[in-house]
Amino acid sequence: MSTRGFTGRRPPEATRERLPPGQYLTADFPVLQIGPNPRIDLDAWRFTLRAGSRPLKIWTWDEFNALPRTRWGGDIHCVTKWSKFDTAWEGVGIDDLLADAGVAAPTAFALAEGYDDYTTNVPFADLTGDRAMVATHYDGAPIEPDHGGPARLLVPHLYFWKSAKWLKGLRFTQKDEGGFWEMRGYHMYGDPWREQRFTGD
Ligand SMILES: Nc1nc2c(c(=O)[nH]1)N[C@H]1C(S)=C(S)[C@@H](COP(=O)(O)O)O[C@H]1N2
Ligand SMILES: [Mo]
């Protein structure tokens with residue numbers, strides 16, 4: 001009888017079922033980004049919703065924090081193959097942002113923009129229906145700068161590169177425009193369960 005699978009390196013059944021293909025479980029929270037943390041002063045922080053270059057609504061930090069709050073708990077999956085289970089987030093749902101702006105989505109596509117000029121595209125449908133938020137808290141505390149505080153996008157059903165840190169706004173685009181990593185070979189959608197890591201996956 002083969003002993004493969006009994007070496008202790010294979011995760012238990014319950015863990016395997018929660019891990020998308022090619023992922024491994026970590027208890028750490030790795031920090032991944034294209035450059036240094038941007039300096040963000042809360043007095044100067046703005047969150048802007050745009051259609052192309054036209055601003056639809058701009059919130060200050062205080063205005064943003066007066067919006068209804070939402071929580072989400074669950075697993076996150078990074079394209080570099082780590083997954084982290086049972087993460088806990090709090091922030092403002094994109095549905096609530098849109099409602100406060102009093103606008104319907106003008107196009108089907110959005111680009112999330114970070115204060116470090118990072119961008120990533122997400123179909124607008126993936127941001128609504130309680131599937132995404134602008135998170136301000138992780139594990140009950142304000143999100144640390146390393147993880148995108150004061151506010152980051154959280155789209156947990158897609159690979160974590162879609163969850164833009166230091167979020168400064170969302171831009172509706174006419175077409176599905178690739179962001180920073182999508183222009184460099186990452187998948188336009190990024191579903192971890194279909195292992196959509198790179199263009200063509
Ligand atoms: N603004 C911004 N957001 C970003 C990035 C970045 O470089 N800048 N990197 C992305 C990538 S590639 C990953 S894997 C996750 C990592 O988030 P973490 O550092 O909180 O684990 O942030 C994503 N969001
Ligand atoms: Mo990443």
Side-chain angles (χ1 to χ4, degrees), residues 19-42 44-50 59 61 64 71-92 94 97 110-123 126-127 131-171 173 177-199 201:
L19 280 176
Q23 297 292 111
Y24 67 86
L25 180 61
T26 183
D28 300 336
F29 196 166
V31 172
L32 293 153
Q33 58 200 50
I34 57 174
N37 294 359
R39 242 197 80 89
I40 302 163
D41 178 0
L42 290 184
W45 183 92
R46 296 288 181 276
F47 186 87
T48 308
L49 196 63
R50 293 175 205 275
W59 291 266
W61 182 246
F64 181 81
R71 286 163 191 248
W72 180 85
D75 308 343
I76 56 176
H77 313 288
C78 177
V79 72
T80 61
K81 302 200 168 178
W82 56 267
S83 290
K84 186 173 174 63
F85 288 173
D86 300 316
T87 63
W89 303 85
E90 189 192 310
V92 176
I94 307 297
L97 265 182
L111 264 181
E113 304 176 306
Y115 274 98
D116 58 346
D117 290 332
Y118 179 82
T119 54
T120 186
N121 60 319
V122 185
D126 287 79
L127 295 177
R131 298 215 286 166
M133 72 165 87
V134 180
T136 58
H137 286 67
Y138 171 75
D139 231 356
I143 299 177
E144 289 170 22
D146 278 352
H147 288 298
R152 80 177 295 165
L153 186 63
L154 178 71
V155 196
H157 65 283
L158 299 180
Y159 280 125
F160 214 41
W161 89 77
K162 298 288 183 178
S163 293
K165 307 202 278 192
W166 315 294
L167 195 65
K168 74 175 175 193
L170 289 173
R171 174 193 298 267
T173 57
E177 279 178 35
F180 182 88
W181 283 119
E182 294 83 8
M183 300 296 279
R184 290 164 175 80
Y186 279 35
H187 198 277
M188 286 293 272
Y189 186 64
D191 179 350
W193 293 98
R194 289 186 277 166
E195 219 176 342
Q196 295 173 335
R197 299 179 193 276
F198 308 110
T199 312
D201 282 351

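Ligands are counted one by one from 1 in listed order, and the atoms in each one are counted from 1 as well.
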Problem set entry | Closest to atom 24 (N) of ligand 1 (judged by heavy-atom distance), picking from Cys78, Ser163, Gly179, Gly149 | Ser163

Seminar exercise, completed: For atom 21 (O) of ligand 1, the closest protein heavy atom turns out to be Pro30 O, 2.6 Å

Exercise. Looking at Trp45 and Leu167, what are the two nearest heavy atoms and their distance?
Worked result: NE1-O, 3.8 Å

Exercise. Any idea which protein heavy atom is nearest atom 8 (N) of ligand 1, and the distance to it?
Worked result: Asp116 OD2, 2.7 Å

Exercise. Among Asp126, Asp201, Asn121, which residue meets the side chain to side chain donor-acceptor pair (under 3.5 Å) test with Tyr189?
Worked result: Asp126

Problem set entry | Heavy-atom nearest option to atom 12 (S) of ligand 1, drawn from Tyr138, Tyr186, Trp161 | Trp161

Exercise. Going by distance only, is there an N or O of Gly114 that falls short of 3.5 Å from an N or O of ligand 1?
Worked result: no

Exercise. Looking only at heavy atoms, which two atoms of Thr119 and Glu182 are closest? And how far apart?
Worked result: O-OE1, 4.1 Å

Exercise. Which residue from Phe160, Trp82, Tyr118 reaches closest to atom 5 (C) of ligand 1 through any of its heavy atoms?
Worked result: Tyr118

Exercise. With a cut-off of 4.0 Å, which atoms of ligand 1 are near a heavy atom of Phe29?
Worked result: 20 (O), 21 (O)

For this session: Could you see which bit of Trp166 sits under 4.0 Å from ligand 1, with heavy atoms only: side chain, backbone, both or neither?
Result: side chain

For this session: Flag the pair Arg171 / Glu177 as yes when at least one side-chain heavy-atom distance between them is below 4.5 Å, and no otherwise.
Result: no

Exercise. If you measure from the Lys or Arg side-chain nitrogens to the Asp or Glu carboxylate oxygens, is any gap between Lys168 and Asp117 under 4.0 Å?
Worked result: yes

Exercise. Does CZ belonging to Arg46 count more than 12 external heavy atoms closer than 6.0 Å?
Worked result: yes

For this session: Answer with yes or no after comparing the ring centroid distance for Tyr138 and Phe29 against a 6.0 Å cut-off, counting only values under it.
Result: yes

For this session: Record the part of Phe180 in heavy-atom contact with ligand 1 below 4.0 Å; permitted values are side chain, backbone, both and neither.
Result: neither

Exercise. Ala164 heavy atoms, cut-off 4.0 Å: which ligand 1 atoms fall inside?
Worked result: 3 (N), 24 (N)

Exercise. Is Arg184 positioned over the aromatic face of Phe180, cation under 6.0 angstrom from the ring centre and no more than 45 degrees off axis?
Worked result: yes

For this session: Step through the shown structure and confirm whether more than 12 heavy atoms of other residues, nucleotides or ligands are within 6.0 Å of CE on Met183.
Result: no

For this session: Tell me which protein heavy atom sits closest to atom 9 (N) of ligand 1, plus the residue, atom name and distance to 0.1 Å.
Result: Leu32 O, 3.4 Å

Seminar exercise, completed: Under 4.0 Å between heavy atoms, the region of Tyr115 that gets near ligand 1 turns out to be neither

For this session: Taking only Lys NZ, Arg NE, NH1 and NH2, and the carboxylate oxygens of Asp or Glu, determine whether Arg152 and Glu144 approach each other closer than 4.0 Å.
Result: no

Exercise. Can you tell me which residue and heavy atom of the protein come closest to atom 3 (N) of ligand 1, and the distance to 0.1 Å?
Worked result: Lys165 N, 2.7 Å

Exercise. If you measure from each non-hydrogen atom of Ile34 to ligand 1, which part falls under 4.0 Å: side chain, backbone, both or neither?
Worked result: both

For this session: Using heavy-atom distances, let me know which of His147, Gln33, Arg152 sits nearest atom 17 (O) of ligand 1.
Result: Arg152

